[in-house]
Amino acid sequence: MKKKVLLTRKLHDFALMDLKKYYDIEIHQGKIPMPKKTLLKKIRNKDGLICFPYDNIDKDVLSAAKKLKTISTYSVGYDHIDVKYAKKQGISIGYTPEVLTDATADLTFALILDLLRRVTEGDKTIRRGRWTQIYGAYDYVGTDISGKILGILGFGRIGAAVAKRAKAFGMNIIYHNRHTLSKNTEKSLGVKYVTFDQLFKKSDIVSIHVPYTKETHELVNMKLFKKMKKTSFIINTARGKIIKENDLIYALKKKIIAGAALDVFRNEPIGLNNPLTKMQNVVLSPHIGSSTAETRKKMAEITVINLKLGMIGKTPLYSVNS
Ligand code: NAP
């Protein structure tokens, strides 16, 4: 008898065809994310799970999953999985780093350019038939990118890829991690380590690339916004809960900082009741960091490889908890 695998959402057809050869697969078709009650019921008899960042794979789910051997998440972030508890239960976890680094760095840079040059805002102006009002010399000015200080919080795979792009745009780059890079690496990349506080004080643009953990929960809050330049911008393509969203909304309203571009939010998806959707100095995208056809295909390939390895008790190709 084939082993059973649950997918909380459909993957690419090529991936599903491959999975069907080896496993009895069940794909959740309804509302996304899968309601917890349904997840608890469906996971009970499954040997493998393919999930997405919006699925909350907590202790309850893992406890209900009596037969589960492996989880393969279609993401590099794994903050939605109780990794510690999974390890205790002997469940391996695979994820998809590296292949989505460039796509996410590109989206980060698209947001920086959009926010500072007010592209989306201009698009809205044209569509409302208001172009005629912005012809004056002082009207509709943006901000230069070249020569500005970009502060990268979390200089890992994506942070480093953003730095590479920023170099080409003539920016000066500072970064903060818990561990510093070697002096040689800093020199060859043209980046400088600063303390956490200095990153926020000195930067014209802060771009967030740390994972979401207990340590980074609402790490970016009013205390920091008050330290930032009034002309500065914040970009978040990491995870929504790293920023205290209400503080950000207040800081934007009161012009404590100049603007924000966000791909991730405290509670996703956000609707029109979120004040961010009404703000002129904000650019929003619907969590599309890795969303290119090429990258998504590679992520699906790795998700399947990770699952297959985990199902036979081997370490996934990219393993979170081996
Ligand atoms: P990564 O290579 O692991 O980089 C994370 C960096 O953050 C590391 O350099 C780490 O360095 C630093 N860091 C971790 N905790 C920190 C802390 N408390 N304070 C300061 N620095 C800290 O991860 P990545 O592949 O670049 O991905 C980063 C995140 O992007 C993912 O976790 C995911 O949530 C998000 N992401 C979002 C999308 C999207 O669609 N928007 C797509 C892909 C990824 P130290 O260990 O030295 O601190």
Side-chain angles (χ1 to χ4, degrees), residues 9 51-57 73-81 83 93-112 114 151-166 173-182 185-186 189 191-200 203 206-221 224 234-243 260-270 283-296 298-300 302-303 318-321:
R9 198 179 187 181
C51 65
F52 293 75
Y54 44 75
D55 296 310
N56 186 13
I57 312 300
T73 183
Y74 186 79
S75 60
V76 64
Y78 46 83
D79 46 278
H80 55 295
I81 304 170
V83 174
I93 306 172
Y95 71 142
T96 65
E98 294 175 12
V99 289
L100 46 57
T101 297
D102 279 329
T104 311
D106 286 346
L107 194 267
T108 305
F109 229 82
L111 290 177
I112 294 175
D114 191 334
I152 297 181
L153 178 64
F155 202 87
R157 289 172 291 248
I158 298 169
V162 170
K164 202 164 117 189
R165 284 150 180 79
I173 301 151
I174 55 179
Y175 77 96
H176 180 78
N177 264 359
R178 289 167 305 182
H179 312 91
T180 61
L181 304 172
S182 73
T185 311
E186 282 189 1
L189 296 176
V191 301
K192 235 173 130 179
Y193 175 83
V194 292
T195 65
F196 183 68
D197 268 17
Q198 280 174 341
L199 188 93
F200 285 84
S203 299
V206 172
S207 193
I208 302 176
H209 301 288
V210 288
Y212 177 62
T213 61
K214 263 189 202 146
E215 223 180 305
T216 63
H217 174 76
E218 296 186 347
L219 181 67
V220 180
N221 51 42
L224 289 173
I234 193 142
I235 317 292
N236 189 8
T237 59
R239 284 289 181 268
K241 287 177 185 163
I242 297 166
I243 296 184
L262 310 166
D263 186 49
V264 287
F265 306 87
R266 184 178 172 73
N267 287 311
E268 295 175 11
I270 61 165
V283 174
L284 308 169
S285 58
H287 201 148
I288 52 169
S290 66
S291 192
T292 68
E294 298 87 339
T295 295
R296 287 283 165 97
K298 287 182 206 152
M299 288 169 71
I302 293 173
T303 301
Y318 294 96
S319 168
V320 170
N321 63 346

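All ligand and atom numbering here is 1-based and tracks the order in the structure. This chain uses plain numbering: 1 for the first residue, then up along the sequence.
- Here the CG-CD1 distance, from Leu111 to Ile234, works out to 13.0 Å after rounding to the nearest 0.5 Å.
- The protein non-hydrogen atom at the shortest distance from atom 28 (C) of ligand 1 is His209 O, 3.4 Å.
- Screening His209, Lys192, Glu186 for a side chain to side chain contact (heavy atoms under 4.5 Å, CB included) involving Tyr175 leaves a single residue, Glu186.
- For ligand 1 and Glu215, the ligand atoms under 4.0 Å from any heavy atom of the residue are 18 (N).
- Residue nearest to atom 35 (C) of ligand 1, selected from Pro97, Pro286, Ala238: Ala238 (by heavy-atom distance).
- Nearest protein heavy-atom neighbour of atom 44 (C) of ligand 1: Val76 CG1, 3.1 Å.
- Checked by atom type and distance alone, the side chain of Asp263 pairs as donor or acceptor with a backbone atom of Ile288 at under 3.5 Å.
- Listed by atom number, the atoms of ligand 1 under 4.0 Å from His287 heavy atoms are 39 (C), 40 (O), 41 (N).
- Annotation: the span from Ile158 atom CD1 to Leu100 atom CG amounts to 6.0 Å, rounded to 0.5 Å.
- Against a heavy-atom cut-off of under 4.0 Å, Gly154 is close to the following atoms of ligand 1: 6 (C), 7 (O), 12 (C).
- Considering both main-chain and side-chain atoms, Arg157 comes within under 3.5 Å of ligand 1 through a nitrogen or oxygen pair.
- With ligand atoms numbered from 1 in the order given, ligand 1 contributes 7 (O), 13 (N), 16 (C), 20 (C), 21 (N), 22 (C) to contacts under 4.0 Å with heavy atoms of Val210.
- If you check which protein heavy atom lies closest to atom 16 (C) of ligand 1, you get Arg178 NE, 3.5 Å.
- Scanning the protein for heavy atoms near atom 45 (P) of ligand 1, the closest one is His179 ND1, 3.4 Å.
- Looking at ligand 1, you'll find an N or O of Gly156 within less than 3.5 Å of one of its N or O atoms.
- Looking at Ser290, Pro53, Ser75, Pro211, it is Pro211 that brings a heavy atom closest to atom 32 (O) of ligand 1.
- Here the straight-line distance linking atom CD of Glu218 with atom CG of Leu224 works out to 12.0 Å at 0.5 Å rounding.
- Applying the ring-ring contact (aromatic ring centres under 6.0 Å, His included) criterion to Tyr74, with sequence neighbours excluded, gives Phe52.
- Both the backbone and the side chain of Asn177 come within 4.0 Å of ligand 1, judged by heavy-atom distances.
- In this structure, OG on Ser203 lies 10.0 Å from CD on Gln198, to the nearest 0.5 angstrom.
- In terms of modelled atom types and a separation under 3.5 Å, the side chain of Thr96 and the main chain of Ser75 share a donor-acceptor contact.
- Residue Tyr78 forms a ring-ring contact (aromatic ring centres under 6.0 Å, His included) with just one option from Tyr95, Tyr212, Tyr318, and that option is Tyr95.
- Residue Thr104 holds the heavy atom nearest to atom 42 (C) of ligand 1 of all those in Ile152, Ile158, Thr104.
- Any N or O atom pair closer than 3.5 Å counts here, and Thr237 shares at least one such pair with ligand 1.
- Going from atom CG of Asn236 over to atom CG of Leu262 covers 6.0 Å, rounded to the nearest 0.5 Å.
- An N or O contact shorter than 3.5 Å links Phe155 to ligand 1 by distance.
- The proximity of Arg239 to ligand 1, defined as any non-hydrogen pair under 4.0 Å, is limited to the side chain.
- Residue Gly289 approaches ligand 1 through these ligand atoms, each under 4.0 Å from one of its heavy atoms: 39 (C), 40 (O), 41 (N).
- Looking at Thr237 and Thr108, their side chains do bring a donor and an acceptor atom within 3.5 Å of each other.
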